[in-house]
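Worth saying up front: this structure is predicted, and the values here are computed from it rather than measured. Numbers here simply count residues along the sequence, with the first being 1.
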Amino acid sequence: MTLLADATALRSLHARARGWARVLKLPFRQQRWRGHAGEFMGSGTGSSLDFQDHRIYLPGDDPRQINWQAYARTGTYSMKLYREEVRPLVDVIFDVSASMFAFPAKEQRALELFAFVVEASLQSGATLRCHAIAGAQHQFLEPEVILSGLWPERVRELHASAAAPALNRLPLRAGAMRLLISDLLFPGEPESTLACLSARNGRGIVFAPYAQDEADPGWDGNYEFIDPETSLPHEHRVESALLKRYESAYKRHFELWKAAALKHGIAMARVSAAVDFQKALQHEGIASGGVESA
């Protein structure tokens, strides 16, 4: 991989990301959660102060939760049920294939997205796990390693790969919010990748950074292209017809991804590297349901 950012720059980036995460939030309140005790509404009942319902007393229940006023009226033991409050589970998957860092602006946007989702998860009190992935290889990244800015040393050992990230090899948790940060520039249909994000009651969100240099390159003439995954050069002459075919294929590629994401109930936001981070994330992130305003 060609990641250039150093630890000091990454720590500074997280300081800025903490500010972004106070303005834009991950959409935790859009569903019920299972996890450790926390502040979000769970899918069960628990001991918060929010009353939820009654049910008949069963042997082994905590007698402190018996509704004695109801017993006085009906002669039947019943239990007070309260809303369970939980910490949501968040699994972050960061695609560190070389194409993510092919342009300085795109690298910066990818790193900003990673820092944002980490900080937004931590500010919510979520139970966070992060995985860097390149093709079939992956590396677990502890939150403290990420916040220290030292995580690039961990992922440099992952070999370049043009293959789709093998999400099926990751230990993704049931019921987790699964955040994939990837430019999606790999071959194959989107179905297998998106199915992994939504499997086992997962809530999938895709943030796809992109650079203007790839979306609207404006090529004209002879070029030596470098494959970012293999570093191999390819000489091509680009004329108007070839450029139009590239632009059509590029547009079609992301139309297929957006249609498949909609089918799987997955929020997908393409995030431009050409404008301010917060503005870029708001542009598609809020409309797609990938983020929400604080």
Give me the atom names and distance for the closest heavy-atom approach of [X] to [Y].
| X | Y | value |
| --- | --- | --- |
| Ala164 | Pro187 | CB-O, 4.2 Å |
| Leu26 | Ser121 | CD1-OG, 3.5 Å |
| Ala215 | Pro217 | C-CD, 3.7 Å |
| Lys106 | Ala211 | CB-CB, 3.9 Å |
| Ala7 | Ser148 | CB-O, 4.0 Å |
| Phe140 | Cys130 | CD1-O, 3.4 Å |

Report the distance from atom [atom1] of [X] to atom [atom2] of [Y], rounding to the nearest 0.5 Å.
| X | Y | atom1 | atom2 | answer |
| --- | --- | --- | --- | --- |
| Glu189 | Leu256 | CD | CG | 6.5 Å |
| Leu89 | Arg203 | CG | CZ | 14.0 Å |
| Tyr210 | Phe254 | OH | CZ | 9.5 Å |
| Leu122 | Leu128 | CG | CG | 5.5 Å |
| Leu185 | Ser97 | CG | OG | 8.0 Å |
| Ile66 | Gln69 | CD1 | CD | 13.5 Å |

Non-hydrogen side-chain atoms of [X] and [Y] separated by less than 4.5 Å:
| X | Y | result |
| --- | --- | --- |
| Arg11 | Leu147 | no |
| Trp257 | Val206 | no |
| Asp213 | Trp219 | no |
| Leu167 | Ile133 | yes |
| Glu235 | Tyr223 | no |
| Pro165 | Phe186 | yes |
| Tyr246 | Val238 | no |
| Val118 | Pro143 | no |

Please tell me whether [X] and [Y] are part of a single hydrophobic cluster in this structure, the criterion being side-chain heavy atoms less than 4.5 Å apart.
| X | Y | answer |
| --- | --- | --- |
| Phe116 | Val145 | yes |
| Leu113 | Ile286 | yes |
| Leu158 | Leu150 | no |
| Met100 | Phe207 | yes |

Requested in this report: Given side chain to side chain contact (heavy atoms under 4.5 Å, CB included), test Leu13 with Phe114 step by step and report yes or no.
Outcome: CA-CA 10 Å; Leu13 177 56; Phe114 185 46; over 6 Å; no
Report task. Would you check, one step at a time, whether the test side chain to side chain contact (heavy atoms under 4.5 Å, CB included) holds for Gln139 with Glu157? Result -> CA-CA 9 Å; Gln139 175 70 54; Glu157 64 191 53; 3.3 Å; yes
Whether the [X] and [Y] side chains hold a donor-acceptor pair (N or O, under 3.5 Å, no angle test) is what I'd like checked.
| X | Y | answer |
| --- | --- | --- |
| Glu112 | Gln108 | yes |
| Asp6 | Thr8 | no |
| His14 | Glu119 | yes |

Query raised in the report: When the ring centroid of Phe94 is compared with that of Trp151, is the distance short of 6.0 Å?
Result: yes
Charged N-O contact under 4.0 Å between [X] and [Y]:
| X | Y | answer |
| --- | --- | --- |
| Glu292 | Lys25 | no |
| Arg109 | Glu107 | no |
| Glu142 | Arg154 | yes |

Query raised in the report: Under the side chain to side chain contact (heavy atoms under 4.5 Å, CB included) criterion, do Leu184 and Asp95 qualify, and how do the steps go?
Result: CA-CA 9 Å; Leu184 309 177; Asp95 179 359; over 6 Å; no
Would you be so kind as to tabulate the donor-acceptor pairs closer than 3.5 Å made by side chains of residues 170-181, with sequence neighbours excluded?
from: Arg173; atom 1: NE; to: Asp91; atom 2: OD1; distance (Å): 2.9
from: Arg173; atom 1: NH2; to: Val90; atom 2: O; distance (Å): 2.8
from: Arg173; atom 1: NH2; to: Asp91; atom 2: OD1; distance (Å): 2.7
from: Arg173; atom 1: NH2; to: Thr127; atom 2: O; distance (Å): 3.0
from: Arg178; atom 1: NH1; to: Cys196; atom 2: O; distance (Å): 2.9
from: Arg178; atom 1: NH1; to: Leu197; atom 2: O; distance (Å): 3.3
from: Arg178; atom 1: NH1; to: Ala199; atom 2: O; distance (Å): 2.6
from: Arg178; atom 1: NH2; to: Arg173; atom 2: O; distance (Å): 2.8
from: Arg178; atom 1: NH2; to: Ala199; atom 2: O; distance (Å): 3.1

Tell me which donor-acceptor pairs under 3.5 Å the side chains of residues 258-279 have, and how far apart each pair is, sequence neighbours excluded?
from: Lys258; atom 1: NZ; to: Glu284; atom 2: OE1; distance (Å): 3.1
from: Lys258; atom 1: NZ; to: Glu284; atom 2: OE2; distance (Å): 3.3
from: His264; atom 1: NE2; to: Glu191; atom 2: OE1; distance (Å): 2.6
from: Arg270; atom 1: NH2; to: Tyr250; atom 2: OH; distance (Å): 2.8
from: Ser272; atom 1: OG; to: Ala274; atom 2: N; distance (Å): 3.0
from: Asp276; atom 1: OD2; to: Gln278; atom 2: N; distance (Å): 3.2
from: Asp276; atom 1: OD2; to: Lys279; atom 2: N; distance (Å): 3.2

Query - Residues Val23, Ser293; criterion side chain to side chain contact (heavy atoms under 4.5 Å, CB included); working and verdict - result: CA-CA 6 Å; Val23 177; Ser293 298; over 6 Å; no
Query raised in the report: Side chain of Ser248, backbone of Arg245: donor and acceptor closer than 3.5 Å?
Result: no
